[in-house]
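As structure tokens, the structure follows; a few thoughts come after it.
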Amino acid sequence: IAGITQAPTSQILAAGRRMTLRCTQDMRHNAMYWYRQDLGLGLRLIHYSNTAGTTGKGEVPDGYSVSRANTDDFPLTLASAVPSQTSVYFCASSPTENTEAFFGQGTRLTVV
Amino acid sequence: GQNIDQPTEMTATEGAIVQINCTYQTSGFNGLFWYQQHAGEAPTFLSYNVLDGLEEKGRFSSFLSRSKGYSYLLLKELQMKDSASYLCAVLSNDYKLSFGAGTTVTVRA
């Protein structure tokens with residue numbers, strides 16, 4: 001079934017550890033996005049990529065890095081996790097930059 | 001950057017109409033989206049406006065005025081299943097898709 005997949009679904013992580021959240025889509029979408037969602041703050045853009053090989057910073061990029069080596073994959077890395085990075089993380093993709101974005105089911109991350 | 005404002009909460013009765021307003025300030029504009037998000041689930045697409053005017057899709061309609069930096073989502077004939085958060089999102093000139101904090105709509109019987 002075509003779609004966008006995130007892994008893991010949830011994770012408890014010790015502060016200071018490195019963690020990579022995975023995002024894969026098989027729809028050949030050019031644009032991909034990473035958001036975090038916190039109560040009362042809505043979805044905040046962390047990083048985005050308009051096409052393979054390019055990435056850009058969103059509203060809250062500090063502490064996170066991304067790569068876009070190919071069209072399908074857009075991993076998000078926390079180099080050294082801190083408790084303030086506890087959140088629900090959503091990956092999204094869209095065929096082009098100005099079409100609807102499809103969301104993965106989210107990763108619930110708790111940093112302790 | 002973008003500044004996107006929408007009300008935090010709204011409550012309405014089953015069968016009624018609710019209008020959710022969204023105002024935005026953005027450095028360049030390439031379209032406005034509305035998404036629905038049920039608790040614990042991912043957002044799902046509802047509508048897209050890039051030109052001024054009204055877009056109608058069944059019970060849901062969305063309106064855009066670019067000169068006023070204003071949009072609304074109109075939900076008609078409310079059903080209990082419409083209880084959810086509704087997210088306004090703006091696409092900027094550099095193709096960043098930024099969201100407002102969302103409006104939680106509660107439908108009462």
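Every chain is numbered from 1, with letters handed out A, B, ... down the list of sequences.
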(Q) Keeping Y33(A) on the side-chain end and S98(B) on the backbone end, is there a donor-acceptor pair under 3.5 Å? (A) no

**Q.** hydrophobic_cluster_shared for F63(B) and L46(B), side chain cutoff 4.5 Å
**A.** no

Q) Is the backbone N or O of K57(A) less than 3.5 Å from a side-chain atom of K96(B), with the two atoms forming a donor-acceptor pair by type? A) yes

Q: Could you state whether F29(B) and I4(B) fall into the same hydrophobic cluster, counting links through intermediate Ile, Leu, Val, Met, Phe, Trp or Tyr residues with side-chain heavy atoms under 4.5 angstrom apart?
A: yes

**Q.** E77(B) atom CD, neighbour heavy-atom count above 12 within 6.0 Å
**A.** no

(Q) Please report the interatomic distance OH(Y35(A)) to CG(L97(B)), rounded to the nearest 0.5 Å. (A) 3.5 Å

Q) Going hydrophobic residue to hydrophobic residue with side-chain gaps under 4.5 angstrom, can you get from V112(A) over to V88(A)? A) no

Q) Are there more than 12 heavy atoms of other residues, nucleotides or ligands under 6.0 Å from atom CZ of R59(B)? A) yes

Q: For the residue pair Q37(A) and Q37(B), confirm or rule out a side-chain donor-acceptor distance under 3.5 Å.
A: yes

Q. Taking all non-hydrogen atoms of both residues, which atom of G104(A) and which atom of A42(B) are closest, and how far apart?
A. O-CB, 3.1 Å

Q: Find out whether F33(B) and E100(A) are in side-chain contact, i.e. whether some heavy atom of one side chain is under 4.5 Å from a heavy atom of the other.
A: yes

**Q.** Single-linkage hydrophobic cluster M19(A)~I12(A), side-chain heavy atoms < 4.5 angstrom
**A.** no

Q. Mind checking whether F99(B) and L45(A) have side chains closer than 4.5 Å, heavy atoms only?
A. no

**Q.** When A89(B), A101(B), G40(B) are compared by non-hydrogen pairs under 4.5 Å with chain A, the top option
**A.** A101(B)

Q) Should the heavy atoms of other residues, nucleotides or ligands under 6.0 Å from NZ of K57(B) be counted, would the total exceed 12? A) yes

Q. Is it the case that one hydrophobic cluster holds both L74(B) and Y48(B), taking links as side-chain heavy atoms less than 4.5 Å apart, direct or via other members?
A. no

**Q.** Proximity breakdown for L41(A) and chain B, heavy-atom pairs closer than 4.5 Å
**A.** backbone

(Q) Less than 4.5 Å to any heavy atom of chain B: does that hold for the side chain of A92(A), its backbone, both, or neither? (A) neither

Q.
In the structure I gave you, are the side-chain heavy atoms of F103(A) and Y35(B) within less than 4.5 Å of one another anywhere?
A. yes

